[in-house]
Amino acid sequence: MNMIKTELISIDPQNIQQDKLSCAAEIIRNGGLVAFPTETVYGLGADAMNEKAVLRIFEAKGRPSDNPLIVHVSSADEVPQLVQNIPEQARLLIDRFWPGPLTLVMKKSPAVPLSVTAGLDTVAVRMPSHPVALSLIKSAGVPIAAPSANRSGKPSPTAAAHVIEDLTGRVEAIIDAGSCNVGVESTVLDITNGKPIILRPGGVTHEQLRTVLGEVSLDPALLGKVSESVKPKSPGMKYRHYAPKAQVIVIEGDINPAADKIHELYNKYTSEGYRVGIMATDETQKLYPVPIIISAGSRKAPETIASSLFSVFREFDSLGVDIILSESVNTKGIGLAIMNRLKKAAGNNIIKV
Ligand code: TXA
Ligand code: MG
């Protein structure tokens with residue numbers, strides 16, 4: 001693709017400079033691409049109602065065209081134009097979790113271009129809580145279609161530096177407003193048929209959804225390997241993504257046997273000449289007296305692990321490791337999203353102890 005000039009726009013999320021924001025909004029209105037922060041990860045935005053602009057997102061990311069995009073709104077009032085009807089469950093969820101990291105899959109209205117939904121008859125919608133994202137959507141005056149702002153296959157970006165690394169020369173502008181809080185992407189919830197199904201675990205937890213909806217199931221594809229022949233409901237989930245360049249191996253099980261296994265594998269791969277890094281936690285990092293060890297956060301506060309997971313992946317890449325041996329975490333709460341991303345990164349290279 002032709003390289004273009006990428007403008008870097010720094011915005012203070014606590015004190016948004018309107019002139020800078022208007023610049024970015026105008027780029028969106030003119031069919032351009034703007035990467036912007038959300039509370040989960042950075043998104044790569046375009047006018048969701050402009051087919052041509054949306055197609056440029058796929059090109060800039062190198063994203064397969066069968067993987068649909070999330071449409072971002074700045075208010076629940078913008079939802080009716082996007083969907084056929086708003087199910088009662090959506091009203092309850094919007095009341096409780098918007099703005100925030102919950103994406104709702106509903107039947108699409110004809111107004112939404114098919115390139116956004118990759119030909120599906122459903123559309124994924126979310127209202128982010130990041131002040132810069134909300135102001136950008138409001139100021140653009142159109143809903144913004146945005147996948148995560150990484151090159152396809154790379155970990156999602158949680159800081160502007162990651163976006164700059166991946167998308168410079170491919171987008172009109174990148175807004176830098178610091179790092180993202182949540183760190184893993186939104187929860188994608190299918191509510192098209194009255195039986196809510198989590199297609200992707202994320203910032204809003206299974207437990208939280210249950211408090212509002214009662215029964216909520218997990219897409220079977222989340223629990224095991226997706227075979228090539230099955231068409232998963234959330235097309236994005238079939239790709240090995242969120243992945244660093246290094247091969248990730250997840251060691252699943254209680255800490256002590258897991259640490260023993262990690263030591264064993266560390267010695268094996270190191271003796272074979274590989275550069276090996278270990279991903280652990282604040283509580284366990286002292287178990288591994290090796291040169292390349294990174295703590296992703298505290299087991300007592302798993303949201304800290306979610307928040308730094310993707311930047312830790314990128315850090316290992318910058319250290320040039322060939323293999324990352326990673327501990328696992330409990331799948332309660334946000335832990336489900338963390339383990340989902342780890343397993344995706346590992347391409348299901350998981351060892352149970
Ligand atoms: O937190 C997030 O959701 C971030 C920020 C930027 O909002 N966005 C994000 O977008 O993670 P993306 O494109 O990287 O992931 C969107 C996921 C994919 O797995 C995609 O397949 C699924 O949502 N998805 C989108 N539309 C869908 C639909 N109509 N039905 C089922 N799954 C859908
Ligand atoms: Mg993504």
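All values reported here derive from a predicted model rather than from experimental measurement. Order of listing sets the numbers, starting from 1, for every ligand and every atom in it.
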Classify the side-chain pair [X]/[Y] by whether it contains a donor and acceptor separated by less than 3.5 Å.
{"X": "S186", "Y": "T40", "result": "no"}
{"X": "T38", "Y": "R126", "result": "yes"}
{"X": "E327", "Y": "Y288", "result": "yes"}

Is there a polar contact between ligand 1 and [X], counting only N or O atoms under 3.5 Å apart?
{"X": "K61", "result": "no"}
{"X": "T38", "result": "no"}
{"X": "T103", "result": "no"}
{"X": "T40", "result": "yes"}
{"X": "S186", "result": "yes"}

- Item | Residues that, via side-chain heavy atoms closer than 4.5 angstrom, fall in one hydrophobic cluster with I4 | none

- Does S148 bring an N, O or S atom to under 2.8 Å of the Mg ion (ligand 2)?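 Here the distance criterion (N, O or S atom, under 2.8 Å) is met by S148, so yes.
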
- Heavy-atom distance to atom 15 (O) of ligand 1: which of R200, M127, K107, E185 wins?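 Nearest heavy atom to atom 15 (O) of ligand 1 lies in R200.
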
- What do we get for L69 next to ligand 1 when only non-hydrogen atoms under 4.0 Å count, side chain, backbone, both or neither?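 Contact part for L69 vs ligand 1: backbone (N, CA, C, O).
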
- Message: Residue-level breakdown please: for H130 versus ligand 1, do any non-hydrogen atoms fall below 4.0 Å on the side chain, on the backbone, on both, or on neither?
- Response: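 It is neither part, as no heavy atom is under 4.0 Å.
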
- Please, which pairs that meet salt bridge (charged side-chain N to carboxylate O under 4.0 Å, His left out) have at least one residue in residues 43-56, sequence neighbours excluded?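 Every salt bridge (charged side-chain N to carboxylate O under 4.0 Å, His left out) pair that includes a residue of residues 43-56, provided the two are not neighbours, is R56-E172.
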
- Does the side chain of V248 reach to within under 4.5 Å of the side chain of N349, using non-hydrogen atoms? no

